[in-house]
There are 2 protein chains.
Amino acid sequence: MKNRSIIKGKPITLDIPVELSCKCEYALLALLELAAQYNEGEPLQIRQIAAQQNIPDRYLEQLLATLRRGGLVKSQRGAKGGYVLAREPWKITLLEVINCLEGLEAKSSKEEVNHKTVESAVVQEIWQEAHQAANLVLQKCTLQTLCDQRVARRQLDIMYYI
Amino acid sequence: MKNRSIIKGKPITLDIPVELSCKCEYALLALLELAAQYNEGEPLQIRQIAAQQNIPDRYLEQLLATLRRGGLVKSQRGAKGGYVLAREPWKITLLEVINCLEGLEAKSSKEEVNHKTVESAVVQEIWQEAHQAANLVLQKCTLQTLCDQRVARRQLDIMYYI
DNA sequence: ATGAAACCCCAGTGAAGAACCGGAGTATAA
DNA sequence: TTATACTCCGGTTCTTCACTGGGGTTTCAT
């Protein structure tokens with residue numbers, strides 16, 4: 001959004017994105033690997049994850065750094081280092097993951113300083129509603145859920161082969 | 001997404017956006033005006049709508065053209081021309097509007113030719129679920145709904161003034 | 001100790017899209 | 001016939017996304 005309607009010198013920004021971008025997908029795939037590895041105790045290295053899930057490693061590095069700052073993974077530096085989940089897989093929801101990556105902290109803080117029109121307020125409300133409906137789904141899904149589904153789907157694929 | 005993981009020469013694109021962008025908001029605001037005007041029968045001009053809702057008129061022009069091609073509004077050319085809703089306000093859902101603007105026709109057609117990994121399939125599934133939860137909200141909301149809410153909210157604002 | 005393996009930080013780049021802007025048309029009511 | 005309003009097409013600027021690269025620093029193994 002370049003210059004959304006400057007009213008009386010006050011710019012109003014109005015977008016409420018709910019994205020599963022490439023970034024989020026990469027991060028989720030990486031976390032899925034870490035979740036599968038969680039019981040081993042051994043850290044997984046960026047290179048391994050990147051190779052396994054076909055993700056550019058230097059990019060993945062940045063994403064994992066973000067997840068680390070968000071408290072979702074822990075890192076071990078040096079040789080034999082790598083990444084481990086900071087919590088159990090069933091205690092990390094997908095909502096946490098994407099919030100960490102997209103950085104939605106400053107959302108509607110100080111109850112919307114920018115005085116908007118009645119119309120845009122109405123539009124935004126319904127959108128928030130849709131947004132929250134999506135968030136609810138993501139909140140109920142954890143990394144463990146995804147892991148279980150992965151296993152189930154693999155079994156299914158084997159069935160089809162026979 | 002620039003170059004998402006080209007596996008064996010086959011690029012895979014994987015984003016499932018659910019955006020309320022500036023574009024959608026502009027369009028909804030314009031449609032809201034048209035919905036309020038619907039009983040009058042007289043068309044509304046781009047200039048009027050743009051001035052009322054503080055939208056750049058040349059940009060709004062493009063959006064209305066898209067909505068026209070999508071069959072949501074009708075246009076009348078020449079002097080005394082303008083735009084009218086193509087249907088009654090309660091027969092136009094918000095989902096239709098954003099689908100028209102974002103152009104989500106080719107979604108999952110031919111059941112996903114690009115063979116994806118088990119992991120990304122699992123991630124995409126849950127995302128689709130979230131996506132549909134949001135869509136359900138938008139499908140249940142029509143332009144009439146927004147109109148009614150606008151009226152209600154205006155009453156509320158008057159109450160606060162006293 | 002020392003070197004290699006791994007994470008860490010910061011900066012830049014290229015493509016794509018979003019949000020416009022402008023001009024030259026074309027249809028139509030008065 | 002003329003002013004009004006839509007229509008089509010192209011360009012411009014700005015931002016973001018998905019990367020890439022160049023330096024580090026920390027830590028384990030020998």
Side-chain angles (χ1 to χ4, degrees), chain A residues 1-6 11-17 19-27 29-30 34 42-51 53-70 73-84 98 101-103, chain B residues 1-6 11-17 19-27 29-30 34 42-51 53-70 73-84 86 98 101-104:
Chain A
M1 191 173 326
K2 191 165 61 176
N3 187 20
R4 200 275 183 228
S5 54
I6 295 173
I12 306 179
T13 57
L14 292 168
D15 48 3
I16 305 161
E19 304 199 12
L20 174 63
S21 50
C22 194
K23 172 161 68 171
C24 282
E25 167 140 0
Y26 283 156
L29 292 177
L34 291 178
E42 294 285 304
L44 263 184
Q45 286 123 33
I46 291 180
R47 295 278 175 79
Q48 294 177 30
I49 303 174
Q53 293 297 330
N54 204 59
I55 303 171
D57 49 357
R58 305 293 266 123
Y59 189 41
L60 179 58
E61 190 182 308
Q62 292 175 9
L63 302 183
L64 285 171
T66 304
L67 293 175
R68 186 182 55 81
R69 280 188 282 269
V73 300
K74 284 185 295 189
S75 66
Q76 174 69 21
R77 296 180 72 153
K80 296 268 180 177
Y83 286 90
V84 196
I98 69 154
L101 289 167
E102 309 285 1
Chain B
M1 193 171 327
K2 191 164 64 174
N3 189 18
R4 200 275 183 231
S5 55
I6 296 173
I12 306 179
T13 56
L14 292 169
D15 47 2
I16 306 163
E19 306 198 12
L20 174 63
S21 50
C22 191
K23 174 161 67 171
C24 282
E25 168 139 359
Y26 283 156
L29 292 177
L34 291 178
E42 295 286 305
L44 262 184
Q45 286 127 31
I46 291 180
R47 297 278 175 78
Q48 293 177 32
I49 303 173
Q53 293 297 331
N54 205 59
I55 303 172
D57 49 357
R58 303 295 266 127
Y59 189 40
L60 179 58
E61 189 182 308
Q62 291 176 8
L63 303 183
L64 285 171
T66 304
L67 292 175
R68 185 182 57 81
R69 280 188 283 269
V73 299
K74 284 185 294 188
S75 66
Q76 174 69 21
R77 298 181 70 151
K80 296 269 182 178
Y83 286 89
V84 196
I98 71 155
L101 289 166
E102 309 285 1
L104 313 177

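Computed over heavy atoms, backbone and side chain alike; hydrogens, waters and symmetry mates excluded. Below, chain A is the first sequence line, B the second, and so on; all start at residue 1.
Looking at residues two or more places apart in sequence or on another chain, you find no side-chain hydrogen bond (donor to acceptor under 3.5 Å, both in side chains) involving B/Q62. Residues satisfying the side chain to side chain contact (heavy atoms under 4.5 Å, CB included) test with B/R68, not counting sequence neighbours, are B/V73, B/S75. Judged as a side-chain hydrogen bond (donor to acceptor under 3.5 Å, both in side chains), and not counting sequence neighbours, the contacts of B/E61 are B/R58. Scanning for side-chain hydrogen bond (donor to acceptor under 3.5 Å, both in side chains) contacts around B/Q76 gives an empty result, with sequence neighbours left out.
In this model, the phosphate group of D/dT12 is not approached by any side-chain N or O of B/Y59 to a distance below 4.0 Å at OP1 or OP2. One finds no side-chain N or O of B/S75 lying less than 4.0 angstrom from the OP1 or OP2 phosphate oxygen of D/dA5.
When the C1' atom of C/dA19 is taken as reference, atom CG of B/N54 falls 15 Å away, rounded to whole Å. Straight-line distance from the CG atom of A/D57 to the P atom of C/dA6: 12 Å, rounded to whole Å. Here C/dC21 presents its P atom at 13 Å from CD1 of B/I55, a figure rounded to the nearest Å. Residue B/Q45 contributes atom CD, which lies 13 Å from atom C1' of D/dA3 at whole-angstrom precision.
Using five terminal pairs a side, the axes of the helix from C/dA1-D/dT30 to C/dA30-D/dT1 at its two ends make an angle of 10°, given in steps of 10 degrees.
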Reading nucleotides 21-30 of chain D from the 5' end, what letters show protein touch, with B for base, S for backbone sugar-phosphate only, - for no heavy atom under 4.0 Å? BB-BBBBB--
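Counting non-hydrogen atoms under 4.0 angstrom, A/R47 reaches nothing in the nucleic acid. Across all strands shown, B/I46 has heavy atoms under 4.0 Å from sugar-phosphate atoms exclusively, and none from any base.
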